[in-house]
Amino acid sequence: MKSSLPVAVVLSGCGVYDGTEITEAVGLLIALSQAGFSYRCYAPVREQYHVVDHFKGAPADGARNILTESARIARGAIQPLSAFKAAEHCALAFPGGFGAAKNLTTFIDQGDKAQLYADVNSAVTDAMARKLPLLALCAAPLVLGIAARDAGLSGVRLTFGDCEGPAMNAALATWGQTHVVTPLEQACVDSKHRMISAPAYMYGDANPAEVFASIQAAVKALDEMLAAA
């Protein structure tokens with residue numbers, strides 16, 4: 001039977017270069033809905049790492065709030081990440097985008113020494129303590145890798161797709177985790193540690209339909225993991 005509890009979806013802004021990858025975020029909400037899941041959106045309440053002009057592909061002046069920007073994707077139906085309670089959800093999910101490295105973790109500056117921001121760490125730690133499945137797309141498995149490292153877990157299987165993220169792959173190895181090369185249309189499932197990851201736009205030449213298929217594979221894996229619990 002499908003869980004009556006929603007999936008928590010953590011956004012990191014609005015836009016691939018300084019926040020959440022929009023196609024992945026919207027695709028995840030659609031895939032969850034198609035599979036019969038409800039969801040709640042959350043985001044940190046603080047300034048983004050920086051602002052990027054997505055037309056020019058270059059940093060821009062000014063500052064933006066992560067929650068305010070994420071609300072664009074969630075159509076305003078979003079809560080501060082500090083309000084997240086694992087007991088009220090059946091899973092915790094992270095779409096990708098550079099916001100995963102810039103706004104949820106310190107990876108962009110610290111590489112394999114990266115930490116999770118306190119609100120992200122609190123949410124993931126709570127979810128892991130309750131053995132909720134964790135799902136991450138594209139670059140967001142960074143969040144899971146850091147959380148696994150900090151929890152003293154080794155051998156966690158995660159994917160960034162193929163070889164487009166060598167720094168991230170190297171970080172996983174440093175943390176004692178295993179990077180699994182995964183085709184675009186498939187998900188990497190670590191049943192032991194209840195973690196699911198899928199490449200999505202880590203394959204940079206993928207089209208939106210292919211990215212959505214990647215997301216659907218992850219949501220299907222989530223459905224199966226919950227059903228097997």
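Numbers here are sequence positions counted from 1.
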Looking at every heavy atom in both [X] and [Y], which two are closest together, and how far apart are they?
X      : Y     : result
Glu21  : Glu24 : OE1-N, 2.8 Å
Gly13  : Thr20 : O-OG1, 3.0 Å
Ser4   : Ser38 : O-OG, 4.4 Å
Ile73  : Ala25 : CG2-CB, 3.9 Å
Leu11  : Ala74 : CD1-CB, 4.4 Å
Asp126 : Ala86 : OD2-N, 3.0 Å

What residues, two or more places apart in sequence or in another chain, satisfy side-chain contact (heavy atoms from CB on, under 4.5 Å) together with [X]?
X      : answer
Asp112 : Ala171, Thr174, Trp175
Leu29  : Val9, Tyr39, Cys41
Leu5   : Ser3, Cys90

*asked:* Taking ring-ring contact (aromatic ring centres under 6.0 Å, His included) as the definition, give me every residue that meets it alongside Tyr42, ordered by chain and number, with sequence neighbours left out.
replied: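 Testing Tyr42 for ring-ring contact (aromatic ring centres under 6.0 Å, His included), a comparison that skips the adjacent residues, returns Phe84, His89.
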All side-chain hydrogen bond (donor to acceptor under 3.5 Å, both in side chains) counterparts of [X], not counting sequence neighbours:
X      : result
Gln79  : none
His50  : Lys102
Asn103 : none

*asked:* Atom CG of residue position Asn207 - does it have more than 12 heavy atoms of other residues, nucleotides or ligands inside 6.0 Å?
replied: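 Count over threshold, so yes.
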*For atom CZ of Arg72, decide whether the heavy atoms of other residues, nucleotides or ligands shown that lie under 6.0 angstrom number more than 12.*
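Check fails, neighbour count at 12 or below.
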[X] with [Y], same ILVMFWY side-chain cluster at under 4.5 Å:
X      : Y      : value
Ile108 : Val143 : no
Val45  : Ile66  : no
Val10  : Tyr49  : no
Val51  : Leu104 : no

*salt bridge (Lys or Arg N to Asp or Glu O under 4.0 Å) against Glu210, all qualifying residues, sequence neighbours excluded*: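 Partners of Glu210 by the salt bridge (Lys or Arg N to Asp or Glu O under 4.0 Å) criterion come out as none, since no residue qualifies.
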*Yes or no on side chain to side chain contact (heavy atoms under 4.5 Å, CB included) for Val181 and His179, after CA distance, side-chain angles and deciding distance?*
CA-CA 6 Å; Val181 173; His179 179 260; 4.2 Å; yes
*Given side chains that start at C-beta, do those of Phe212 and Leu28 come closer than 4.5 Å, heavy atoms only?*
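Contact flag for Phe212/Leu28 side chains = no.
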_Less than 4.5 Å apart, side chain to side chain, heavy atoms only: is that true for Asp119 and Arg46?_
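Yes. Closest side-chain heavy atoms under 4.5 Å.
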_Tell me whether Thr105 contacts the main-chain N or O of Ala100 through its side chain, where contact means a donor paired with an acceptor under 3.5 Å._
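Side chain of Thr105 to backbone of Ala100: a pair is present.
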Which side-chain N or O atoms in residues 213-229 pair as donor and acceptor under 3.5 Å with protein atoms at least two apart or in another chain?
from: Ser214; atom 1: OG; to: Leu184; atom 2: O; distance (Å): 3.0
from: Ser214; atom 1: OG; to: Ala200; atom 2: N; distance (Å): 3.0
from: Gln216; atom 1: NE2; to: Gln34; atom 2: OE1; distance (Å): 3.1
from: Lys220; atom 1: NZ; to: Glu224; atom 2: OE2; distance (Å): 2.6
from: Asp223; atom 1: OD1; to: Lys2; atom 2: NZ; distance (Å): 2.9
from: Asp223; atom 1: OD2; to: Lys2; atom 2: NZ; distance (Å): 2.8

*Give the other cluster members for Tyr17, using side-chain heavy-atom distances under 4.5 Å between Ile, Leu, Val, Met, Phe, Trp and Tyr residues; answer none if it is isolated.*
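Via sub-4.5 Å side-chain contacts, Tyr17 links to Val16, Val52, Phe98.
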Output a table of donor-acceptor pairs, distance under 3.5 Å, between side-chain atoms of residues 127-141 and any protein atom two or more places apart or on a different chain; print 'none' if there are none.
none

Hey, could you give me the [atom1]/[atom2] distance between [X] and [Y], rounded to the nearest 0.5 Å?
X      : Y      : atom1 : atom2 : answer
Tyr201 : Thr23  : OH    : OG1   : 4.5 Å
Leu67  : Glu47  : CG    : CD    : 13.0 Å
Gln48  : Ser70  : CD    : OG    : 8.0 Å
Leu92  : Arg194 : CG    : CZ    : 12.5 Å

Under 3.5 Å, which donor-acceptor pairs do the side chains of residues 149-160 form with other protein atoms, sequence neighbours left out?
from: Arg149; atom 1: NH1; to: Ala114; atom 2: O; distance (Å): 2.9
from: Arg149; atom 1: NH2; to: Ala114; atom 2: O; distance (Å): 2.8
from: Thr159; atom 1: OG1; to: Gly161; atom 2: N; distance (Å): 2.9
from: Thr159; atom 1: OG1; to: Val180; atom 2: O; distance (Å): 2.6
from: Thr159; atom 1: OG1; to: Thr182; atom 2: OG1; distance (Å): 3.1

*Test Thr178 against Leu172 for side chain to side chain contact (heavy atoms under 4.5 Å, CB included), laying out the working first.*
CA-CA 6 Å; Thr178 301; Leu172 286 185; over 6 Å; no
